[in-house]
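So the structure is just underneath, and the comments pick up after that.
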Amino acid sequence: MASTLGVLEALLRNPGAIATKLEVKQLLKALLKRPGAITSASEAKQLHAQILKHNPSSPLYTSTAICVYSNFKLLNQSLLLFKTLQSPPSLAYKSIIKCYAVNGRFVESLASFVDMRASGNTPDHSVFPSVLKACAFLLDLRLGEAVHGCIIRLGMDVHLITGNALINIRTGAGADSSVKKVFETMTTRDIISWNTVIAGNAQNGLHEDALAMVREMGGAGLKPDIFTLSAILPIFAQYVDVDKGREIHGYVIRYGFDKDLYVASSLINMYSRCARVEDSIRVFKITRQRDTISWNSVIAGCVQNGMFDEGLRLFRQMLKDNVIPGSVSFSSIMPACAHLTTLNLGKQLHGYIMRCGFDDNVFISSSLVDMYAKCGHIRTAGWIFGGIKGRDMVSWTAMIMGCALHGYAEDAISLFEQMKLEGIRPNHVAITAILTACSHAGMIDEGRRYFDRMTEEYGIRPGLEHYAAMADLYSRKGKLNDAYQLISTMTTPTGTIWSLLLSACRVHKNVDLAEKVASKIFEVDPENIGARVLLSNIYANDGRWKEAAKVRMTMRNMGIRKNPACSWIEVKNKIHTFIADDKSHPLHDEINIALCELQEKMELAGYVADTSEVLHDVDDEQKKYLLYGHSERRAIAFGIMSTPAGTTIRVIKNIRICVDCHTAIKLISKIVGREIVVRDNSRFHHFRDGECSCGEYW
DNA sequence: ATTATATTCA
């Protein structure tokens with residue numbers, strides 16, 4: 001061998017050197033046994049040159065050159081040589097199959113395998129892993145089966161690496177017994193064999209089997225490694241088992257695996273799924289090396305746990321650190337824009353997404369549908385939804401929920417039915433969406449029907465969210481007793497659900513029921529601020545000022561304060577917030593003047609202030625003045641002042657819009673000729689030309 | 001030659 005390498009070295013040191021035919025022959029012969037002796041692409045080219053010079057027509061030498069080229073993944077060079085062969089020998093086929101595979105050209109790789117078999121050449125252990133990988137990548141199960149059969153006939157299923165590749169392809173097809181069979185047939189197994197089975201079980205939902213195998217592998221003298229751990233961490237993430245997850249984290253640190261990016265991302269994800277965002281951020285921060293995936297993990301963790309601003313901050317930081325965002329980055333961050341209703345930011349990201357060519361990604365388009373719907377652009381949402389290829393249940397649900405929020409119940413229902421026709425089974429979220437749609441449109445019968453049938457038709461038992469939607473449906477419609485009955489059938493009704501009924505008691509002025517409901521709420525949730533505020537308002541509305549004051553007093557004694565009513569509007573990328581009776585906005589006086597002018601025009605159009613919802617013990621004139629202070633009106637007035645004529649005004653309010661403001665905004669939309677979109681805490685109102693899309697029902 | 005991590009609706 002040393003002499004062969006000596007020849008090679010001589011050739012390489014002086015490419016112009018003339019080797020004898022004999023030397024080249026010796027060299028090639030040795031290389032047939034040890035192609036690894038060539039250690040660089042340029043050496044491979046030297047070799048090729050020598051072959052061309054001495055034996056250009058020898059299929060064996062040509063094959064050797066192909067083999068050497070393919071070791072360096074040089075597909076084009078390999079192909080050039082391969083095409084010169086009339087009937088390629090086995091080595092040429094094997095090399096080209098592998099070379100295609102390592103270059104990700106799986107279709108061609110498989111085609112060459114088929115050619116090889118047709119030519120009568122017998123494949124061996126060196127090609128099966130590549131071929132199986134190609135089958136796995138292309139999800140070509142039928143060919144995979146055929147290859148498996150071929151492997152068994154050749155007795156190759158005992159071969160370690162081929163066996164591992166076989167396990168891998170079988171786990172990709174879902175959980176079945178053939179995985180275990182292959183695993184047990186193998187005469188030798190290494191950690192990859194174990195890891196592949198474990199990962200397969202984990203991904204196919206066989207969590208217990210996966211964990212049992214992790215315990216078993218110790219018996220075979222193998223310790224879990226980074227592959228094992230990143231395969232099983234998602235299990236604890238799914239089960240929200242932070243104790244087990246922590247245990248793994250300890251093991252990771254003991255074995256020094258914490259520098260591995262896969263492990264780090266899995267840990268970040270595990271902690272955030274277990275609602276431990278702080279831990280997840282800590283793992284991210286101490287992981288020095290970061291990639292798009294670990295950034296995505298931490299960003300998604302923040303967003304999923306409601307830390308939208310932190311998520312956005314990290315997203316910006318990622319861009320600053322020159323980490324290129326991938327499609328997952330966008331689908332992770334978009335919900336932050338949706339929840340914060342930051343339309344402009346959402347639009348900017350949408351532009352970025354289009355520039356990256358990610359707009360055909362279902363995850364991203366579904367998140368865009370949701371973002372546009374939540375930001376009031378239901379038409380844009382519908383347009384994007386219509387363009388989604390391969391819509392999944394989440395895409396449909398986002399659109400249905402969007403319609404629900406905008407009060408388009410009929411559209412929501414027809415989408416829901418269409419989804420079923422396309423063979424997509426609704427899950428509990430989709431049902432929540434359809435019930436919400438019925439609730440926002442007062443469609444009692446339809447809602448009740450979906451609710452009653454959900455268990456038998458979709459196999460989903462009503463959860464809190466479904467009861468909440470139904471309670472809301474009855475409550476809004478004034479069917480307070482029905483709502484009370486329904487909630488009472490629940491095993492453990494929550495304060496939130498009772499509160500839906502309580503707020504209906506206020507609207508429908510039912511003080512007796514309100515007292516009953518309030519006491520139910522305080523039983524389960526004594527600190528429920530909203531309920532105390534509501535109760536005090538209900539008393540005040542009924543003129544029972546003393547009782548109202550008493551509730552307020554209790555609140556003060558308990559040290560709880562209500563969140564002030566506020567509205568906000570985005571103008572030129574800046575969010576302007578208006579809090580009830582707060583005078584701090586720099587244009588406060590101008591806004592007041594504008595509101596007075598509007599008021600005059602409104603009165604000319606027949607507006608009479610409805611002071612029935614002003615819950616202060618003051619005279620009517622003062623009540624009228626208090627209505628001016630309502631935050632949504634001031635936000636709208638500001639919007640009109642600071643945007644060009646005709647621009648749609650979009651305002652968000654943190655609590656339900658009041659009756660008087662609703663009437664006022666209808667008139668304002670007509671007077672100033674603007675479309676005004678107000679989102680309160682449960683839905684959208686589109687005001688245009690004196691009308692509102694909610695049809696007076698909210 | 002074969003193995004693993006992150007994403008949309010509530």
Side-chain angles (χ1 to χ4, degrees), chain A residues 70-71 94 97-98 101-102 124-133 136 159-169 171-172 190-200 202-203 224-234 237 260-270 272-273 280 291-301 303-304 325-335 338-339 358 361-371 373-374 388 391-402 404 426-433 435-436 463-466 468-469:
Chain A
S70 88
N71 284 343
K94 290 193 285 192
I97 291 167
K98 279 190 278 185
V102 293
D124 66 7
H125 60 86
S126 72
V127 268
F128 286 127
S130 305
V131 172
L132 289 168
K133 190 183 179 175
H159 180 251
L160 177 64
I161 298 170
T162 304
N164 287 347
L166 268 177
I167 298 174
N168 187 44
I169 189 169
T171 60
D190 63 0
I191 192 152
I192 298 184
S193 327
W194 285 86
N195 284 344
T196 310
V197 180
I198 291 167
Q203 279 163 6
D225 67 358
I226 48 176
F227 287 84
T228 327
L229 300 175
S230 39
I232 60 165
L233 275 168
D260 181 72
L261 274 174
Y262 285 81
V263 172
S265 298
S266 306
L267 282 171
I268 294 167
N269 182 245
M270 182 275 296
S272 69
R273 295 260 171 196
S280 124
D291 66 355
T292 310
I293 297 187
S294 53
W295 277 101
N296 289 348
S297 306
V298 73
I299 291 170
V303 175
Q304 285 160 359
S327 57
V328 178
S329 315
F330 291 104
S331 43
S332 301
I333 196 63
M334 195 57 72
H339 284 105
F358 289 147
N361 176 300
V362 225
F363 287 85
I364 291 183
S365 7
S366 302
S367 70
L368 281 171
V369 167
D370 179 56
M371 185 276 293
K374 287 214 174 78
I388 303 181
R391 285 164 224 171
D392 62 5
M393 210 241 318
V394 176
S395 331
W396 284 94
T397 306
M399 192 65 226
I400 293 168
M401 200 52 160
N427 71 350
H428 68 108
V429 186
I431 310 228
T432 308
L435 293 177
T436 306
L464 277 180
E465 66 275 36
H466 306 112

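Keep in mind that what you see is a predicted model, and the values were worked out from it rather than measured. The sequence lines fix the lettering, A, B, ..., with proteins before strands; numbering per chain opens at 1. In what follows, every heavy atom counts, from backbone to side chain, and hydrogens, waters and symmetry copies are set aside.
When DNA chain B is scanned in the 5' to 3' direction for atoms under 4.0 Å from non-hydrogen atoms of chain A, the outermost contacting nucleotides are B/dA1 to B/dA10.
Here A/L261 lies in heavy-atom contact (under 4.0 Å) with a base. The residue A/R273 sits close only to the backbone: its heavy atoms come under 4.0 Å of sugar-phosphate atoms, none of a base. As judged by a 4.0 angstrom heavy-atom cut-off over every strand, A/S130 is placed among residues making no nucleic acid contact. Contacts of A/V369 with the nucleic acid, taken as non-hydrogen atoms under 4.0 Å apart, are absent. Here A/H466 lies out of heavy-atom contact (under 4.0 Å) with every strand. Nucleic acid contact for A/D260: base, since at least one base atom lies under 4.0 Å from a heavy atom of the residue. If you check every strand for non-hydrogen atoms under 4.0 Å, A/K98 touches nothing. Base contact: A/D392 has a heavy atom under 4.0 Å from a base atom. When heavy atoms are screened at a 4.0 angstrom cut-off, A/K94 is found touching no nucleic acid atom at all. A/S331 comes within contact range of at least one nucleobase, with a heavy-atom separation under 4.0 Å.
Nearest heavy-atom pair, A/A231 versus A/A202, reported as atom, atom and distance to 0.1 Å: O-CB, 3.6 Å. Nearest heavy atom pair, residue A/A136 against residue A/N168, reads CB-ND2, 4.5 Å.
Taking the salt bridge (charged side-chain N to carboxylate O under 4.0 Å, His left out) definition, one finds that A/D124 meets it with A/K94, sequence neighbours left out. Residues passing the side chain to side chain donor-acceptor pair (under 3.5 Å) test with A/E465 are A/H428, sequence neighbours excluded.
Under 3.5 Å, the side chains of A/D225 and A/T228 contain a donor-acceptor pair of N or O atoms. Side chains of A/S367 and A/D370: no donor on one and acceptor on the other come within 3.5 Å.
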